[in-house]
Amino acid sequence: MQFLKKIFFSAFLCCFTTIVLAQNISVDDSKTATNLVQILTNSSSCVSVSGENAIGDTYTTGQNSYGSFDKNGSSFPFANGIVLSTWSSIYSVGPFVREPSTTTKSGSLSWKGDTDLENALNKGNTLNATVLEFDFIPQTNYISFNYIFASNEYQDDFPCNYSDGFAFLMKENTPGATYQNLAVLPDGTPVSSTKVHPSFSFNSKTCSPANEAYFGQLNTSATNTSPIDYSGQTIKLTAQSPVKAGVSYHIKLVIADQNGNLYDSAVFLEAGSFSSKIDLGIDRLLATNNPVCFGESLSLDTGLTASTNTYQWFKDGSPTAILGATSSTYKVTEAGTYKVETSISGCLATGQIKIEYTPEIIIPDTSLTKCDDNGSGIAIFSLPENVIKSDIDFTVYNYYKNSDLTNPILNPETYSGSNGEIVYVKVTNSNSPCPTFFKITLHVTTSYLSSTIATTPPIINDFSGNGNSVTLIPPTLGGPFDFSLDGKIYQTSPLFTNLAVGNYTAYIRDTSNCQYWTYAIILLDYPRFFTPNNDGYNDLWKIKNLDLYPKATVSIYDRYGKLLKQLDANSSWDGKYIGNDLPADDYWFVVNLYNGRMIKGHFSLKR
């Protein structure tokens, strides 16, 4: 029995050891540059590869700073791929163990950096660079690859100070071509330990987060069993770029330390993720405010013109191709996820895009009616007066004279329109990037004088210099009404302000049927002073146009209320009382127009 227990215990230890080891990745640093590129491209026929070369750790005997890796049953996001590091790649095997500053595992100070990486990151003083280079010719118009950047700089306050980084450099194989770094965040920020990290606090020093959404995890806690020996890592990132099919490019993958050989870093590239794809453009989504507008079509174009290619288009994951869709382009007329497949010299390339449409928004057509005051058949319309009959908050973008929207109206607030004319209105709203259209039909109706009389007199405030005002009172029935004091320019408000003294003809018009009423208005004023010195100027005080009110009387008083003079509508005052000149002073008056209006004021006599 004891013997069986020993056998069982030994078997348990064996299995337990296997489980523990399986929690970490495995690394093979014996791979050649050709092997690594084959792993990265999955030996795809969609790219033609040549000139593979790898350089890195040259001082550690029997070890390379590049190699292949396998998930090995661990939690690492990639099943397998290649690793480039700034120390021996086998040290990438987890779990993370914080190394002392005197560690012998890090690279050498004699191990050089890379100037191309320094240019890409805008950083100097790199060392311990590992590079994988190769030439390739794509068969399609787009490439991409997936990677994770990991570093031992993700501890203490190192991300505030040190910038280990990685670059995916690509250029055409033509004289004078320059590198483009594809290992960047969506806003173009290069990937490095100082550009992607959470907040760090160490010895009272705090390092604010940078692009934290792209950081994956820290591996520094005491209970962490990370499958890699790095203190932190990014999420899975994707580098991608359009390319020209059939054109030769040079690729340079490079990683390096900065300002020291300790606290190393690595980049893990997913096997088979370096692939040629077909670029159909970015997804057109409501969430990103770039959907396709309702009723419009979108042409998807593979960008490939080889007549020998065969194409198949698919929708919403269906295994059955869209019937008749066999060309390099496809016209989309409804929402869905579209995929294209093409075979190019044995290369099966694919592209995919998601298309969403804005919902249909209907605004009822409407009309505007204006009156023709001179029989010309033309009226002046203020098109913005139109009220959009919709619950959605719209903003008018423009008005057009024709349905194809090629003839904009430049003066929509004073537009001369004819009866039956149609104006086309383009509007936008805050909930959609797409415009909506509706029509306004213009109606011109001939104006005519009403046979009835507008009996309610206006409210007149005059005797105020050029600050006089008039309020016209419309009939109690009918309407809506507009108002004018010259029969030419109408307004919707019955109040007219800042009017000069003079004679006016008021118009009140019912805009529903264009009948109007008219009557005269007189605005009076009085002289603020006069100088009765017989020089021929301002010798008499008289209210101009008072004779238009033949029953009017004017009473003049001194400051004590003594009646000095009473005038009729045609009389004036010479500044005398019982034949004697009155002194220079202020005098008061009361005008009675005998139409219900009494006006009081005062003026100055100057000598």
Residues Asp404 and Asn402: side-chain donor-acceptor under 3.5 angstrom: yes

Phe78/Phe268 aromatic ring centres below 6.0 Å: no

Closest heavy-atom pair and its distance - Cys293, Thr358: CA-OG1, 3.5 Å

Ser92 and Tyr230: side chain donor to acceptor below 3.5 Å: yes

Side-chain donor-acceptor pair present, Asn290, Thr288, cut-off under 3.5 Å: yes

Polar side chain donor-acceptor pair, Thr86 to Asp264, under 3.5 angstrom: yes

Near-ring test Phe437/Tyr400, centroid separation under 6.0 angstrom: no

All pairs passing side-chain hydrogen bond (donor to acceptor under 3.5 Å, both in side chains) where residues 126-135 contributes a residue, at least two apart: Ser65-Thr130, Glu118-Thr126, Asn128-Asp257, Glu133-His250, Asp135-Asn173, Asp135-His250

Taking every non-hydrogen atom, the tightest pair across Asp29 and Gln63: OD2-CA, 3.4 Å

No-hydrogen, no-angle side-chain donor-acceptor test under 3.5 Å, Asn219 and Gln233: yes

Centroid-centroid distance, Phe168 to Phe145, less than 6.0 Å: yes

Residue list, ring pair (Phe, Tyr, Trp, His ring centres under 6.0 Å) with Tyr249, at least two apart or on another chain: Phe136

Minimum heavy-atom distance between Leu304 and Asn141, given as atom pair plus value: CD2-N, 4.3 Å

Aromatic plane relationship, Phe215 with Tyr154 - under 30° parallel, 30 to 60° tilted, over 60° perpendicular: perpendicular

Modelled atom types, side-chain donor and acceptor of Thr337 and Lys315, under 3.5 Å: no

Expected output: side-chain Asn181 to main-chain Leu169 donor-acceptor under 3.5 Å: no

Flag side-chain contact, heavy atom, 4.5 Å: Val37 against Leu132: yes

Shortest non-hydrogen contact between Ala335 and Glu356, atoms and distance: CB-CA, 4.1 Å

Test item: Ser74 side-chain N/O and Asn24 main-chain N/O as donor-acceptor pair under 3.5 Å: no

Phe76 six-ring centre to Lys71 NZ/CZ under 6.0 Å and within 45° of normal: no

Neighbour count >12 (heavy atoms, 6.0 Å) for atom NZ, Lys426: yes

Donor-acceptor side-chain pairing of Thr32 and Thr34 below 3.5 angstrom: no

Heavy-atom side-chain proximity of Leu237 to Ile148 below 4.5 angstrom: no

